[in-house]
Amino acid sequence: MPELPEVETIRKTLIQFIEGKTISDVQIHWPRIIKHPEDTERFKLQLIGQSFQHISRKGKFLIFHLDDYDLVSHLRMEGKYSVHPKEEEKDKHTHILFTFTDGLELRYNDVRKFGTMHLFERGRYLKVKPISQLAPDPFEQEFNLSYFTEKLLKTRRAIKNVLLDQTVIAGLGNIYVDETLFKAKVHPLKASCDLSKEEIKNIKKYAKETLAEAITQGGTTIRSYVASDGEMGMFQQKLYVYGQEDMPCVHCEDTVVKIRLSNRGTHYCPSCQREGA
DNA sequence: ACTAATGTTAGTCT
DNA sequence: TAGACTAACATTAG
């Protein structure tokens, strides 16, 4: 379930394999993944002959920069990229294949087919959906305290839901939100508008810190995530609450609990993260 | 063999 | 308009 640190790890591994490579063919076995252009034949024709210049990331989106186009890719739950010789047998969940002139192939694999791809003429992706409404991530300059405070204070939704909202803060998913709130000692159900200045500061600080630490560990592997070179992440060993239900809290003698918040598994320590505190 | 749970986002409904 | 809910899917644990 790639969140920002996993996407960043994929970006770094993948660039080594595909930088400079030229696309000679594109195969599309599940067209619904391609959201733009509407005509998938056009998607294919636009890509043939293009070379990969570099890969960037915005929140959880990967952006492949080609000569004349940018390919915006979101992995959602289970999307994966890997590189293979084109004659190598492909697995049944490989849906999109980009063949290179040198005989290698970039493959997009997605068990649940939730991932998306948008191809736009160079530079346009910043001005249109899905990137246009994306908030800055905690590593970007615009993500400063006054911006964040204003966003958090203007809604009474539960803070956990607000932190999952990619138009407020980009990059956090279920795992890193639970970890961030634990470190900031804030209850996941607390109304966003009721947060103190101190709590907002802490959430901001720990969101960045948690993501940064996870990047150095190559991300978190819970069920299926691996980077594009097949390497697992290591951050799961540093999780304090996610997946730790019924385990002792690392800071006190209480037990980590798991509840359901808007249909998402939500983990916290009832003593360290007191409701209404 | 069935059911629930898994997590991300866009779109729909209230 | 804020905010809650659901569909898009496949797999696996219970």
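Naming: A, B, ... by sequence-line order, numbering from 1 per chain. Because the structure is a prediction, the values reported are computed rather than measured.
- For A/Glu3, the side-chain atoms get nearest to B/dT8 when compared with the rest of C/dG3, C/dA10, B/dT8.
- Ring pair A/Phe120/A/His118 is parallel by interplanar angle, where below 30° counts as parallel and above 60° as perpendicular.
- When the C1' atom of C/dA4 is taken as reference, atom CZ of A/Arg264 falls 14 Å away, rounded to whole Å.
- Atom CG in A/Leu75 sits about 12 Å away from atom P in B/dT8, given to the nearest Å.
- For the C1' atoms, the distance from C/dT12 to B/dT9 is 23 Å, rounded to whole Å.
- Note on A/Pro130: only backbone sugar-phosphate atoms sit closer than 4.0 angstrom, heavy atoms only; bases stay farther off.
- Using N1 to N3 plus N6-O4 or O6-N4 for Watson-Crick, or N1-O2 and O6-N3 for G-U wobble, each under 3.5 Å, B/dA4 pairs with C/dT12.
- Within the 4.5 Å cutoff, no side-chain heavy atoms of A/Val177 are placed close to those of A/Tyr242.
- For A/Gln133, the listed nucleotide lying nearest its side chain is B/dA10; candidates were C/dT11, B/dA10, B/dT8.
- Rounded to an integer number of Å, the gap from CG of A/Asp110 to C1' of C/dC9 is 9 Å.
- Looking at heavy atoms from C-beta onward, A/Ile200 lies in side-chain contact with A/Leu153 at the 4.5 angstrom threshold.
- Straight-line distance from the CG atom of A/Asn161 to the C1' atom of C/dG3: 9 Å, rounded to whole Å.
- With C/dG3, C/dA10, B/dT8 as the candidates, the nucleotide lying closest to the side chain of A/His93 is C/dA10.
- Taking only side-chain atoms of A/Thr155, from C-beta outward, the nucleotide of B/dT9, C/dG3, C/dC9 with the closest atom is C/dG3.
- At the heavy-atom level, A/Lys92 lies under 4.0 Å from the strands shown only through sugar-phosphate atoms.
- With a 4.5 Å cut-off on side-chain heavy atoms, A/Leu181 and A/Lys160 count as touching.
- In this structure the side chain of A/Ile18 reaches within 4.5 angstrom of the side chain of A/Phe100, judged on heavy atoms.
- Here A/Arg156 lies in heavy-atom contact (under 4.0 Å) with sugar-phosphate atoms only.
- Listed nucleotides C/dC9, B/dT8, C/dT11 differ in distance to A/Val111; the shortest reach to its side chain belongs to C/dT11.
- The residue A/Gln166 sits close only to the backbone: its heavy atoms come under 4.0 Å of sugar-phosphate atoms, none of a base.
- One atom, CG of A/Asn263, and another, P of C/dG3, lie 18 Å apart when rounded to the nearest Å.
- Mapping A/Phe61 and A/Tyr242 onto DNA chain B by nearest heavy atom places A/Tyr242 at the nucleotide closer to the 5' end.
- Note on ring orientation: taking the six-membered ring where Trp is involved, the planes of A/Phe43 and A/Phe98 are tilted (angle from 30° to 60°).
- Considering only the side chain of A/Arg76, B/dT8 comes nearest among B/dT8, C/dA10, C/dA4.
- For A/Lys129, counting side-chain heavy atoms from C-beta on, the closest listed nucleotide (C/dA10, C/dA4, B/dG11) is B/dG11.
- Atom pair A/Lys160:NZ and B/dT8:P shows a separation of 9 Å (rounding to whole Å applied).
- If you check every strand for non-hydrogen atoms under 4.0 Å, A/Lys35 touches nothing.
- Comparing the P positions of C/dC9 and B/dA1 gives a spacing of 25 Å, expressed to the nearest Å.
- Note: CG (A/Asp91) to P (C/dA10) measures 14 Å, nearest angstrom.
- Rounded to a whole Å, the NE2 atom of A/His74 is 4 Å from the P atom of B/dT9.
- The side chain of A/Arg112 lies closest to C/dC9, out of C/dC9, B/dA10, B/dT8.
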